[in-house]
Amino acid sequence: MFLCSPTFILGFMPLAIILYWVLPKKYNIRNIFLIIAGLLFYSFGDAKYILLFFMMAVAAYTIALILDRLKNNHIKQIFLIISLIVFILLLAYFKYWNYFVQNIIHRTSLAGITMPLGISFFIFKEISYIADVYKNKIKADKNICNVLVYVCYFPQIISGPISRYEDVINQIRSASFSVNTVAKGLKRFSFGFFQKMVVAGAIGKFVDAVYGLDNADYSVLICLAVALCYSLQLLMDFGGYSSMSIGLSTMMGIHIQENFDYPFIAESVSEFWRRWHISLSTWFRDYVYIPLGGSRCSRFRTCVNKMIVFILTGIWHGSSMTFLLWGFLHGVAVTTEVVVKKRLPKVLSHIVTLIFVAVTFSIFRADSLGQAGAILKGMVTFTGLSANAAAVMWGQFTLYFAVVIILALLYCIPMQKVIYKSRIGVKYQKVITLVPYLISVLLLYICITKIAAADYSPFIYFKF
């Protein structure tokens with residue numbers, strides 16, 4: 001079961017929200033309900049690993065309690081390191097075992113391990129909880145229900161955002177029902193749903209068709225088009241999921257952190273990462289970059305720290321060498337910005353950043369380094385479209401597709417803020433505030449008709 005599936009939209013979600021508000025807060029009743037709902041939600045998507053998912057949450061709870069009670073700092077540090085190694089090795093086993101046996105030791109018969117849904121996200125949540133207890137940022141919670149709720153919170157299980165323990169638990173404790181809160185959450189959910197179902201879905205068909213071509217079919221026009229389109233698709237897909245997760249949480253009175261902040265208006269790669277997948281970038285900042293020394297050391301060491309973070313970010317996405325190359329290139333770009341203090345003019349800096357992001361995302365999407373190289377070569381191959389490329393290009397570029405691209409581009413800029421600050425926005429504030437709610441009802445209807453027709457695909461980040 002996924003956030004865009006008919007079972008979730010028409011059954012699980014409304015029932016979960018109603019029961020959550022009907023049940024009393026006392027005696028951990030709501031928490032127990034959220035745990036059961038989370039486990040049920042996960043079991044629909046990956047029942048095979050439900051016990052592993054549950055036991056890892058229990059392990060995080062137990063490790064945190066032990067760390068909280070240990071008085072000898074040396075023993076405490078050793079226990080933390082051993083615990084983190086176990087969690088990371090488990091993550092590495094599921095993410096990289098198949099690649100290792102197929103490409104390193106060439107024992108294909110040993111492959112076949114399937115990766116548990118959302119393992120990259122829920123392990124990072126558990127590590128952050130354990131690390132925060134170790135650093136005395138929070139106390140180890142003796143109530144196991146609270147820790148299980150944090151890990152099993154179903155809007156975030158599969159693809160985040162990777163919220164911090166204290167943020168989620170404090171929100172759950174203070175959650176209170178109001179019609180306004182539910183309406184705001186439903187509006188946010190509907191816009192995110194539309195981003196995923198309609199916008200990302202339509203763009204994704206073109207992207208998949210292009211990446212299904214032979215390497216010989218790539219030339220400048222189609223390669224530049226797919227670089228732009230995939231960048232938009234990824235933002236619409238993952239940004240849409242994040243909006244659905246945030247909206248769903250808001251409907252339950254739980255306000256979780258934003259995960260995207262208009263990343264395509266960034267004027268540098270560093271700024272892009274402050275706006276893109278915020279929960280992941282801040283996780284690496286707090287639990288890798290700062291412990292390595294952050295920027296509190298020499299310029300050379302700072303650059304090394306940043307390179308380590310971005311290479312790990314690439315590896316986090318999977319075993320493909322394209323992810324590693326993508327992370328490496330972003331690390332090079334960010335460290336270059338540290339060394340070269342002189343800035344380009346604002347507009348030029350924005351254009352260069354967008355080009356870099358789009359080109360590197362085309363590597364990220366490639367099935368292999370060979371295909372990535374062919375795409376990059378195609379970007380500077382000034383020849384006409386091949387017959388296959390022309391069929392894909394002109395077969396997809398319909399009026400409907402053009403409208404979808406325009407909508408995606410509008411999503412990339414803070415239109416709502418611009419409108420609210422304009423003269424019309426100030427004058428007709430109440431009317432303009434109401435309009436998004438009315439639009440969200442229409443968008444929700446459109447999306448439900450699409451899922452009823454089984455016209456949807458899983459979120460891109462489910463595979464990570």
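Taking both residues in full, the closest heavy atoms of V207 and V226 are given as CA-CG2, 4.0 Å, listed atom of the first, atom of the second, then distance. Residues P263 and F272 approach most closely at O-CD1, 3.6 Å, considering heavy atoms. Counting all heavy atoms, side chain and backbone alike, I113 lies closest to N98 at O-ND2, 2.7 Å. In this structure, A16 and F33 approach most closely via the heavy-atom pair O-CE2, 3.4 Å. Closest non-hydrogen pair, V151 versus E126, comes out as CG1-OE2, 3.4 Å. Across all their heavy atoms, S231 and A358 have their closest contact at OG-CA, 3.3 Å.
Proximity of F121 to I157: side-chain heavy atoms (C-beta onward) are nowhere separated by under 4.5 Å. Considering only heavy atoms from C-beta on, F193 stays 4.5 Å or farther from V198 through its side chain. Within the 4.5 Å cutoff, no side-chain heavy atoms of N259 are placed close to those of L280. Taking 4.5 Å as the limit, some side-chain heavy atom of I203 sits within range of a side-chain heavy atom of I405. Considering only heavy atoms from C-beta on, V332 comes within 4.5 Å of M307 through its side chain. Using a 4.5 Å heavy-atom cutoff, the side chains of P116 and Y42 are in contact. Between C4 and I9 there is no side-chain heavy-atom pair separated by less than 4.5 Å. Residues F264 and I413 are not in side-chain contact: their nearest non-hydrogen atoms beyond the backbone lie 4.5 Å or more apart.
Within the model, atoms OG of S243 and CG of L248 stand 12.0 Å from one another, a figure rounded to the nearest 0.5 Å. We find the CG-NZ distance between L348 and K346 to be 13.5 Å, quoted to the nearest 0.5 Å. Atoms CG and OG, from L117 and S43 in turn, are 11.0 Å apart once rounded to the nearest 0.5 Å. Separating the CG atom in L228 from the SG atom in C223 is a distance of 13.0 Å, to the nearest 0.5 Å. Between the CG atom of L91 and the CD1 atom of I123 there is a distance of 4.5 Å, given to the nearest 0.5 Å. Rounded to the nearest 0.5 angstrom, I290 CD1 and S295 OG are separated by 8.0 Å.
Between the side chain of S279 and the main chain of I162, a donor-acceptor pair closer than 3.5 Å is present. With hydrogens and angles ignored, the 3.5 Å screen pairs no side-chain donor or acceptor of S245 with any backbone N or O of S242. No donor-acceptor pair under 3.5 Å is formed between the side chain of T181 and the backbone N or O of M251. The backbone N or O of H255 lies less than 3.5 Å from a partner atom in the side chain of Q171, making a donor-acceptor pair. Between the Y129 side chain and the F124 main chain, no donor and acceptor come within less than 3.5 Å of each other. Under a 3.5 Å cut-off, the side chain of S281 and the backbone N or O of W273 do form a donor-acceptor pair. One N or O on the side chain of E337 and one on the backbone of V269 form a donor-acceptor pair closer than 3.5 Å. Remark: the backbone N or O of T322 is paired with a side-chain donor or acceptor of S320 at under 3.5 angstrom. Between the side chain of Y211 and the backbone N or O of S362 there is at least one donor-acceptor pair closer than 3.5 Å. Under the 3.5 Å distance criterion, the side-chain polar atoms of S349 are left unmatched by any main-chain donor or acceptor of P345.
Applying the salt bridge (charged side-chain N to carboxylate O under 4.0 Å, His left out) test to pairs two or more places apart or on separate chains, those with a residue in residues 245-261 are R188-E258, D261-R275.
Classified by interplanar angle (parallel below 30°, tilted 30° to 60°, perpendicular above 60°), the ring pair F323/H317 is tilted. Under the 30°/60° scheme for interplanar angles, the aromatic rings of Y411 and F191 are found to stand perpendicular. Ring-plane geometry between F310 and H330 is classed as parallel, the angle between the planes falling under 30 degrees on a 0 to 90 degree scale with a further cut at 60. Between F154 and F41, the ring planes are tilted. Angles from 30° to 60° get that label.
Judged by the 6.0 Å and 45° rule, K95 forms a cation-pi pair with W316. For the pair K125 and Y150, the cation-pi test (distance below 6.0 Å, angle within 45°) is passed.
There is no side-chain donor-acceptor pair under 3.5 Å between T250 and K187. Counting only N and O atoms by type, the side chains of S163 and Q156 include a donor and acceptor under 3.5 Å apart. For the residue pair S386/Y218, the side-chain donor-acceptor check at 3.5 Å is not satisfied.
Around CZ of F328, the count of heavy atoms belonging to other residues, nucleotides or ligands within 6.0 Å does not exceed 12. By the 6.0 Å contact criterion, CE on M321 is open, its count of non-hydrogen atoms from other residues, nucleotides or ligands being 12 or less. Heavy-atom neighbours of Y93 OH from other residues, nucleotides or ligands within 6.0 Å: above the threshold of 12. The number of heavy atoms from other shown groups lying within 6.0 Å of CZ (F54) does not exceed 12.
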Taking it one step at a time, do F8 and F44 satisfy ring-ring contact (aromatic ring centres under 6.0 Å, His included)? CA-CA 10 Å; F8 181 82; F44 268 96; over 10 Å; no
Show your reasoning for whether side chain to side chain contact (heavy atoms under 4.5 Å, CB included) applies to I127 and L84. CA-CA 7 Å; I127 288 175; L84 295 184; 3.9 Å; yes
Residues F238, W276; criterion ring-ring contact (aromatic ring centres under 6.0 Å, His included); working and verdict: CA-CA 10 Å; F238 194 26; W276 177 273; 7.3 Å; no
Go through F284 and Y289 one step at a time and tell me if the ring-ring contact (aromatic ring centres under 6.0 Å, His included) criterion holds. CA-CA 6 Å; F284 274 110; Y289 181 65; over 10 Å; no
If you apply the rule side chain to side chain contact (heavy atoms under 4.5 Å, CB included), what do you find for S268 with E271, and how did you get there? CA-CA 5 Å; S268 67; E271 184 187 354; 3.4 Å; yes
Give the intermediate values and the outcome of side-chain hydrogen bond (donor to acceptor under 3.5 Å, both in side chains) for residues D132 and Y287. CA-CA 9 Å; D132 285 349; Y287 302 108; 2.9 Å; yes
Should V304 and T335 be marked as a side chain to side chain contact (heavy atoms under 4.5 Å, CB included) after you check the CA-CA gap, both sets of side-chain angles, and the distance that decides it? CA-CA 8 Å; V304 170; T335 53; over 6 Å; no
Decide side chain to side chain contact (heavy atoms under 4.5 Å, CB included) for V334 and V309; before the verdict, give the C-alpha distance in whole Å, the side-chain angles of both, and the deciding distance to 0.1 Å. CA-CA 11 Å; V334 169; V309 164; over 6 Å; no
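With sequence neighbours excluded, the residues satisfying ring pair (Phe, Tyr, Trp, His ring centres under 6.0 Å) with F206 are F397, F401.
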